[in-house]
Amino acid sequence: MDLKPKTLAFAIPNENEEAEIGSPHGVADDHCVLCSENDESFKYSDLEVFVSCSEEDFSQSVENVRNQGSLLDKLKAVHLHVLASEQWNTSPLKLCQRISLQYYNNIIMFSILLVTIQAPTKQKNRKGAKMQRPKLAATLLLQSVLFSFLILIPFQWIVTAQSLPPAKQDGFFYKNRRVDSDTIVVEAFFDPVCPDSRDAWPPLKRALEHYGSRVSLVVHLLPLPYHDNAYATSRALHIVNTINPSTTFRLLEWFFKYQERFYNAPTHNMSRASVVEEIVRFSAEAIGNSCLSAIESGFNDRETDLLTRVSFTLSTSRGVFVTPFFFVNGFVLPDAGSPLDYKGWRKIIDPLAQRARRA
């Protein structure tokens with residue numbers, strides 16, 4: 001057996017499923033003995049060995065392992081979003097299914113009537129044969145009418161049943177700042193019960209105060225499916241924005257401040273109705289107890305439910321799968337799902353602001 005000294009680096013998962021770097025027991029830190037590739041007695045199908053000759057290659061191997069873990073987390077998040085989207089759109093899907101079944105039934109009825117009308121009749125004389133021309137015209141007219149009622153009308157219902165663009169642009173505008181060609185537009189996708197969204201808000205708010213009217217912020221809500229109360233809290237924000245838009249960000253900050261009250265564990269044994277009642281009282285405390293009945297009525301209003309669904313649909317259509325998620329002037333920022341500190345915002349916006357001044 002051919003033995004050659006080489007450097008061995010390997011990774012094993014610890015209890016937190018994170019890679020730990022180690023070396024074989026009883027072997028020096030810098031070198032160890034490996035069997036030659038030609039030795040068929042040394043084969044393990046479940047063991048990956050990274051052989052490197054320098055610390056740079058070793059660091060690169062560790063970074064690859066971390067990137068793979070990050071990619072798996074993103075794929076899991078996308079999978080959960082697909083499941084949530086299917087669940088939240090169950091009613092429209094069922095409606096389209098019923099219309100499709102009616103459409104197919106109408107096709108069958110039209111086919112039967114068409115065969116019945118066009119059934120050949122025995123003609124015994126020429127006079128009877130000449131009379132077929134007006135009957136043929138009447139037959140074609142009847143076919144056209146049947147086609148219109150049985151085929152085209154269901155298609156019109158299907159088009160009507162499809163989702164239409166919202167009447168107003170989705171999102172909450174911070175301090176209602178105007179947007180023009182020189183304004184730097186920041187779009188933030190938040191989840192009211194997401195810890196990373198909570199941590200991302202203070203530095204972003206500080207940056208907005210620094211730049212003033214030169215920067216405009218639009219906040220979109222993305223209720224993550226693995227946060228049990230994300231949808232109800234997002235709907236509460238839409239309700240409050242309908243009642244008094246000037247209090248929307250006050251409630252958002254209120255949710256961020258007392259976020260733990262609506263985590264999965266504290267509300268695990270509560271019914272959905274009880275959670276909604278708690279959110280109603282909580283929202284009224286934030287914007288004023290005089291709005292309690294209006295907030296409660298908002299949860300019974302179909303329109304506020306649709307507004308929340310529009311926010312979710314917009315997020316998924318733009319490829320947003322985690323919070324916080326940021327766009328600046330329509331371009332996505334890297335490191336999605338992680339808060340961006342104040343220095344990071346200055347580093348991004350300062351060059352844009354300087355270019356705007358020159359223009």
Side-chain angles (χ1 to χ4, degrees), residues 70 73-85 88-89 163 165-166 168-177 179 183-208 215-241 245 248-257 259 262-263 304-342 344-345 348-349:
S70 177
D73 293 338
K74 293 179 180 179
L75 290 175
K76 290 179 181 178
V78 172
H79 176 66
L80 290 173
H81 275 297
V82 172
L83 295 178
S85 178
W88 290 343
N89 291 281
S163 299
K168 295 183 179 180
Q169 183 178 355
D170 178 76
F172 309 132
F173 290 82
Y174 183 68
K175 292 188 176 181
N176 292 324
R177 291 178 178 174
V179 178
T183 305
I184 300 172
V185 180
V186 177
E187 293 179 89
F189 290 81
F190 286 155
D191 180 341
V193 291
C194 170
D196 290 326
S197 297
R198 174 197 61 198
D199 297 339
W201 172 241
L204 175 57
K205 182 180 179 181
R206 181 182 173 188
L208 293 171
V215 177
S216 178
L217 171 68
V218 184
V219 172
H220 305 279
L221 298 179
L222 173 59
L224 297 173
Y226 40 83
H227 294 155
D228 294 344
N229 303 312
Y231 190 84
T233 53
S234 297
R235 187 175 182 181
L237 284 165
H238 280 286
I239 294 171
V240 169
N241 188 68
T248 304
F249 282 89
R250 186 193 309 173
L251 178 59
L252 179 63
E253 292 180 342
W254 200 253
F255 274 125
F256 285 159
K257 185 177 181 179
Q259 198 176 70
F262 301 104
Y263 282 171
T304 61
D305 181 43
L306 293 177
L307 289 174
T308 313
R309 292 170 183 260
V310 166
S311 295
F312 179 84
T313 304
L314 172 69
S315 302
T316 54
S317 66
R318 297 186 65 179
V320 180
F321 58 90
V322 69
T323 58
F325 204 101
F326 301 106
F327 290 85
V328 175
N329 287 343
F331 283 77
V332 63
L333 295 186
D335 299 327
S338 301
L340 187 62
D341 59 16
Y342 176 70
W345 283 114
I348 293 172
I349 299 178

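Predicted model, so just to flag it, every value in this text is computed and none were measured.
Between H238 and D170, the closest side-chain pair of non-hydrogen atoms falls below 4.5 Å. Side-chain contact check for F312 versus Y231: every heavy-atom pair is 4.5 Å or farther apart. Taking the side chain as every heavy atom from C-beta outward, L221 and T308 never approach each other to under 4.5 Å. Taking 4.5 Å as the limit, every side-chain heavy atom of H220 sits out of range of all side-chain heavy atoms of F190. Put simply, the side chain of I184 does not reach to within 4.5 Å of the side chain of S216, judged on heavy atoms. Between L340 and L204 there is no side-chain heavy-atom pair separated by less than 4.5 Å.
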Show me the side-chain donor-acceptor pairs of residues 323-330 shorter than 3.5 Å, one per line, residues at least two apart or across chains.
unit_1, atom_1, unit_2, atom_2, d
T323, OG1, S197, OG, 3.4
N329, OD1, V185, N, 2.9

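Side-chain atoms of R177 come within 3.5 Å of backbone atoms of V215 as a donor-acceptor pair (strictly under, hydrogens ignored). Checked by atom type and distance alone, the side chain of D335 never pairs as donor or acceptor with a backbone atom of S338 at under 3.5 Å. Panel note: side chain E187, backbone L217; no donor-acceptor pair is recorded below 3.5 Å.
Heavy-atom neighbours of R206 CZ from other residues, nucleotides or ligands within 6.0 Å: at or below the threshold of 12.
Here N241 pairs with F172, P245, T248 under the side chain to side chain contact (heavy atoms under 4.5 Å, CB included) rule; sequence neighbours left out. Among residues two or more places apart in sequence or in another chain, the side chain to side chain contact (heavy atoms under 4.5 Å, CB included) test is passed with S315 by F189, L222, V320.
When only modelled atom types and interatomic distance are considered, R235 and T304 share a side-chain donor-acceptor pair under 3.5 Å.
Under the 6.0 Å cut-off for aromatic ring centres, Y342 and W201 do not qualify, their centroids lying 6.0 Å or more apart.
The side chain to side chain contact (heavy atoms under 4.5 Å, CB included) with D191 is formed by just one residue from the set V322, L224, D196; it is L224.
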